[in-house]
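All values below were derived from every heavy atom in this structure, side-chain atoms included, with hydrogens, water molecules and symmetry-related copies excluded.
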Amino acid sequence: DIGVTGVQTCALPICLGNLILTDYLEFRWYVGGELRMGVRLARSQANGRLRAEPDGAERLTELLGAFFAENIPVVSSPRELAVRMAALARLIRSIIGNTFADEDEHGTLHEQMEGFRRVLLHDLTAEQFGDMYAQTICYGLFAARCNSTEKHFSRTHAAYDLPKTNPFLRKLFSHVAGPELDERIVWAVDNLAELLNRADIAAILKDFGRATRQEDPVVHFYETFLGAYDQQMREARGVYYTPEPVVSYIVRSVDAILKKD
């Protein structure tokens, strides 16, 4: 649950399950992207003064009570989780872009981008950096949630839940989503962590594997996620599932040719 003020809000009702948008005069409550209730406390007058609405305070009390009592359904399907994660990933990408533009060249994000350039991609652009940053956070949290044994999953413990068999992801995730995570991004990342905390991961992975016959749904879920996050990027990068028997045949054939010829 989160109340948001002073941010670009076009996508917020979609990616946050239980949300209040307000300019302190009007309050709008959204559940699952649909407007549930709106309340206006006061209206601006021509002389610059505010005129209170007769029943505004009483209706706002009702709205806040309903907001805090709302029980967001547990996410239990791969497609639903991918759509919710993708919406939050786009939101995080947007916040990173705005934050990057607002800070100077010595800011935290600028320093991190220079680190990425030195280690990974020397021609990395600010837009690509924001996209990679958002995807690393989102998929790192997902992988951590799938591997977590904690009763309550959270961002602060996620780095410890990432499998040790993927040291690159562990180090990268700790770098971008650890204690030094920019305060302007924290709320969105924590909301994603709470979405994953409330998700029925066992049911999601079980159904996902049953439908696609894939041995590692944590890896192959990325195709589903990327399709919801950015379909054009998925097509440009060719991120599509190849059946494992086909992959096995290709690998064995190449191995045989290399040995023989």
Side-chain angles (χ1 to χ4, degrees), residues 2-16 19 21 23 82 84-145 153-164 166-196 222 225-239:
I2 186 165
V4 181
T5 63
V7 298
Q8 293 181 343
T9 58
C10 58
L12 287 178
I14 299 173
C15 61
L16 302 180
L19 172 73
L21 300 180
D23 61 359
R84 295 283 296 276
M85 282 179 59
L88 278 166
R90 288 191 294 269
L91 175 61
I92 292 170
R93 181 179 63 186
S94 175
I95 296 172
I96 290 171
N98 292 334
T99 302
F100 187 89
D102 289 340
E103 69 177 22
D104 60 34
E105 60 181 7
H106 300 294
T108 302
L109 290 179
H110 279 75
E111 291 179 351
Q112 287 182 333
M113 187 175 79
E114 286 305 314
F116 275 78
R117 283 176 171 172
R118 288 193 301 270
V119 177
L120 294 174
L121 300 169
H122 71 277
D123 57 350
L124 184 70
T125 66
E127 182 178 353
Q128 292 171 332
F129 169 71
D131 172 66
M132 185 164 62
Y133 201 115
Q135 286 202 55
T136 300
I137 288 176
C138 289
Y139 216 77
L141 282 174
F142 172 74
R145 177 67 178 88
F153 177 74
S154 67
R155 171 184 60 86
T156 54
H157 198 271
Y160 299 99
D161 293 320
L162 285 169
K164 294 182 179 179
N166 195 335
F168 176 76
L169 180 59
R170 282 172 64 95
K171 187 172 183 178
L172 183 61
F173 183 83
S174 298
H175 183 64
V176 303
E180 301 302 319
L181 181 64
D182 193 292
E183 289 295 328
R184 291 164 290 188
I185 306 170
V186 166
W187 68 270
V189 178
D190 284 345
N191 201 273
L192 173 60
E194 183 58 25
L195 167 66
L196 290 167
Y222 182 69
F225 164 75
L226 191 60
Y229 172 69
D230 191 326
Q231 183 63 32
Q232 290 183 339
M233 183 184 296
R234 176 191 176 189
E235 293 176 358
R237 295 181 179 175
V239 183

Provide the closest heavy-atom pair for Y222 versus Y139 in the form atom of the first, atom of the second, distance. N-OH, 2.9 Å

Which residues share a ring pair (Phe, Tyr, Trp, His ring centres under 6.0 Å) with F129, sequence neighbours left out: F116, Y133

So, for A144 and A158, which heavy atoms are closest and what is the spacing to 0.1 Å? CB-O, 3.4 Å

Option from H110, E111, Q112, R118 for which side chain to side chain contact (heavy atoms under 4.5 Å, CB included) with E114 holds: R118

Would L226 and Q135 count as a side chain to side chain contact (heavy atoms under 4.5 Å, CB included) if you check the C-alpha gap in whole Å, the side-chain angles of each, and the deciding distance to 0.1 Å? CA-CA 9 Å; L226 191 60; Q135 286 202 55; 4.1 Å; yes

Smallest separation among heavy atoms of A89 and C138, with atom names: CB-SG, 3.4 Å

Considering residues, nucleotides and ligands other than E127, do more than 12 of their heavy atoms fall under 6.0 Å from its CD? no

Of L192, V186, I137, the residue whose pairing with R155 passes side chain to side chain contact (heavy atoms under 4.5 Å, CB included): V186

Backbone N or O of L162 within a donor-acceptor pair of the R170 side chain at under 3.5 Å? yes

When you measure from the side chain of R117 to the backbone of L124, do you find a donor-acceptor pair of N or O atoms at a distance under 3.5 Å? yes

Flag, side chain of E103 to backbone of L109, donor-acceptor distance under 3.5 Å: yes

Heavy-atom pair with the smallest gap, counting every atom of R93 and D230: NH1-OD2, 4.0 Å

Quick one: does D131's side chain get under 4.5 Å of Y229's, heavy atoms only? yes

Any idea which heavy atoms bring L91 and A188 closest together, and the distance? CD2-CB, 4.5 Å

Find out whether M132 and T136 are in side-chain contact, i.e. whether some heavy atom of one side chain is under 4.5 Å from a heavy atom of the other. yes

